[in-house]
Amino acid sequence: MNNRLYGNLIFELSCPGRKGYSLPKNHFGHTADEIPAVMRRQKDAELPECDELSVVRHYTNLSHNNFGLFDGFYPLGSCTMKYNPVINEDIAALPSFANTHPLQPEKYCQPILKIHKLLDEVLCQLTGLAKFTLAPFAGAHGELTGLMTIRGYHESRGDNARTKVLIPDSAHGTNPASAAVCGLEVVEVKSLADGTVDVDDLKSKLSSEVAAMMMTNPNTLGIFEKNIPEIAKLVHDCGGLMYYDGANLNPMLGVSRPGDMGFDVMHINLHKTFSTPHGGGGPGSGPVGVRAGLEEFIPTVSAFRGNYAVCIKALAYVLSLGKENIAMVGPLATLNANYIKDSLKDLYELPIDGRCMHEFVFDGLKDKSTGVTTMDVAKRLLDYGYHAPTIYFPLLFHESLMIEPTENESKETIDSFIAVMRAIAEEAKTDPEMVKTAPHKTPIGRVDDVLAAKHPVLTYSNFE
């Protein structure tokens, strides 16, 4: 069996007694450094026994099955899986950065502190806010930090009754979760048919108990919230603050700034907007910015100054683009998304028509009679060498298919993706079973996702 093609488990390559290392015997003649018997295993660990070359080949072959931006198009909506130039990684890995210890005396850290200050200033210019903390380690960590800032502001004024946070029903799931962790009550605000906030519903929920309203603009559907000035005035007039979820900041670069819209506090998913894609769970960074007058309320949320390597990569990315070129990010991201949407809306259900921003959502195929679902389309895309977009999110639609091309992709790449999506729509009509049983060209075929999540096999002894 070809290991490269079929990806055997490392245990299946094991041969009893085989080793991939050779260490010299202890020539010191004493056992003072041996592990105490009470702490030692009673029997050997059940680990694979392989030679070094087999191990190297095994894990190298496994790595070839990973999909990343260097392999192909990755239109993962709402996560901004954009190109991260390798030079940014090289800069962050320079010994003068990588070997710095957070407990070094300040006099030896001045260049690093200068980088922090410069990134703070750059983010303020891009967002229209007055001060940023780079301490939060992720977007959700930033949300919690921002809400703690808002809560601290109200408590400093003796306004302890403000315990409610208004959140649109189209919001990211981390918004209500972060509010709950902060000890605040979530009040859901309905959306209109066009996907934007229902201002009348918002008005009915304003009170002296409102601490803030959390919003993403453009929202999770990729729609720009045009009523932000009115919404901000309503919330401010009742004594609340406006919080901006920066998850979708990408299309705003060079176009508009949250601070100018009336937002008081925001977090930036630095890893999304400024080129450290975080597929697989990391790394991340969620700097929090505030308007003038709120600087003193930013809490201390980490022992040091955040995920420093991500901050360096972000600054390198911004400086390499420069003021002129970073202004092209938002318009190009918006252009690419609208081009895909308009090229496919005759075959895929578009629940909300009109101009989108950096991403948009289809509600599955237009032709529902084939029985081909969004999951089937996503699986079939793998056969064509494309990573699937986000599926079944947001929850507003039954067969959501969220596509975000980012500003980095060429027209040729996008045209190829469009052609494949059209081909799959045609296959759904002519050979639906083939689509329903996809993928057919990957090392592993269609798996039972629910069973895998509920009953994971974590040890080789239980593997069948």
Side-chain angles (χ1 to χ4, degrees), residues 68-70 79-127 129-149 174 178 244-247 249-250 253 265-290 294-323 326 329:
L69 286 166
F70 290 172
C79 282
T80 319
M81 300 301 289
K82 64 196 283 185
Y83 172 57
N84 179 33
V86 177
I87 189 173
N88 298 345
E89 301 280 354
D90 291 341
I91 291 172
L94 290 172
S96 54
F97 294 141
N99 295 337
T100 301
H101 194 283
L103 293 179
Q104 284 182 205
E106 284 190 6
K107 65 179 180 180
Y108 298 124
C109 298
Q110 292 306 306
I112 292 172
L113 295 176
K114 185 176 180 180
I115 287 176
H116 271 282
K117 186 175 185 299
L118 180 57
L119 181 57
D120 176 10
E121 292 173 350
V122 166
L123 296 180
C124 286
Q125 291 179 26
L126 291 172
T127 62
L129 295 174
K131 177 66 178 176
F132 270 85
T133 172
L134 307 180
F137 289 109
H141 195 198
E143 289 178 19
L144 179 60
T145 304
L147 289 168
M148 292 170 67
T149 301
T174 52
S178 296
Y244 183 93
D245 181 332
L249 184 62
N250 219 48
L253 295 179
V265 181
M266 74 170 293
H267 84 269
I268 296 177
N269 288 21
L270 208 62
H271 46 277
K272 289 185 181 184
T273 309
F274 301 113
S275 90
T276 306
H278 67 312
S285 178
V288 169
V290 296
L294 295 177
E295 298 94 336
E296 64 180 292
F297 302 107
I298 298 175
T300 299
V301 293
S302 61
F304 302 105
R305 295 179 180 268
N307 195 338
Y308 185 56
V310 176
C311 294
I312 293 175
K313 285 186 278 188
L315 183 60
Y317 179 77
V318 173
L319 294 180
S320 66
L321 285 178
K323 186 176 181 180
I326 204 167
V329 171

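For the single chain, residues carry numbers from 1 onward in sequence order. Keep in mind the model is a prediction, meaning the values are calculated, not measured.
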Could you check if a side-chain atom of [X] sits within less than 4.5 angstrom of a side-chain atom of [Y], using non-hydrogen atoms only?
X	Y	answer
Phe137	Val301	no
Pro299	Thr145	yes
Tyr244	Val265	no
Leu123	Phe274	yes
Leu118	Lys114	no
Asp120	Thr133	no
Cys311	Ile115	no
Thr127	Phe132	yes

(request) Could you please spell out the steps behind the side-chain contact (heavy atoms from CB on, under 4.5 Å) verdict for Ile326 and Leu126? (result) CA-CA 10 Å; Ile326 204 167; Leu126 291 172; 4.1 Å; yes
Starting at [atom1] of [X], measure out to [atom2] of [Y] and round the result to the nearest 0.5 Å.
X	Y	atom1	atom2	result
Ile112	Glu106	CD1	CD	11.5 Å
Asn269	Cys79	CG	SG	9.0 Å
Thr149	Leu144	OG1	CG	9.5 Å
Leu129	Met266	CG	CE	6.5 Å
Met81	His271	CE	NE2	9.5 Å
Gln104	Cys109	CD	SG	4.5 Å

(request) Compute whether any side-chain donor of one residue and acceptor of the other, for Lys313 and Tyr308, lie under 3.5 angstrom apart. (result) no
(request) Using only heavy-atom distances, determine whether the side chains of Ser275 and Asn84 contain a donor-acceptor pair under 3.5 Å. (result) yes
For [X] against [Y], the heavy-atom pair lying closest together:
X	Y	value
Ala140	Thr174	CB-CG2, 4.3 Å
Glu143	Ser178	OE1-OG, 2.8 Å
Pro283	Asn307	CB-ND2, 3.6 Å
Ser285	Val310	CB-CG1, 3.6 Å

More than 12 foreign heavy atoms under 6.0 Å from [atom1] of [X]: is that the case here?
X	atom1	result
Ile87	CD1	no
Phe70	CZ	yes
Gln110	CD	yes

Donor-acceptor check, side chain of [X] to backbone of [Y], threshold 3.5 angstrom: yes or no?
X	Y	result
Ser320	Tyr317	yes
Thr80	Lys82	no
His141	Pro136	no

(request) Give the intermediate values and the outcome of side-chain contact (heavy atoms from CB on, under 4.5 Å) for residues Ile312 and Leu119. (result) CA-CA 8 Å; Ile312 293 175; Leu119 181 57; over 6 Å; no
(request) Assess whether side-chain contact (heavy atoms from CB on, under 4.5 Å) is satisfied between Leu134 and Arg305, documenting all intermediate values. (result) CA-CA 6 Å; Leu134 307 180; Arg305 295 179 180 268; 5.8 Å; no
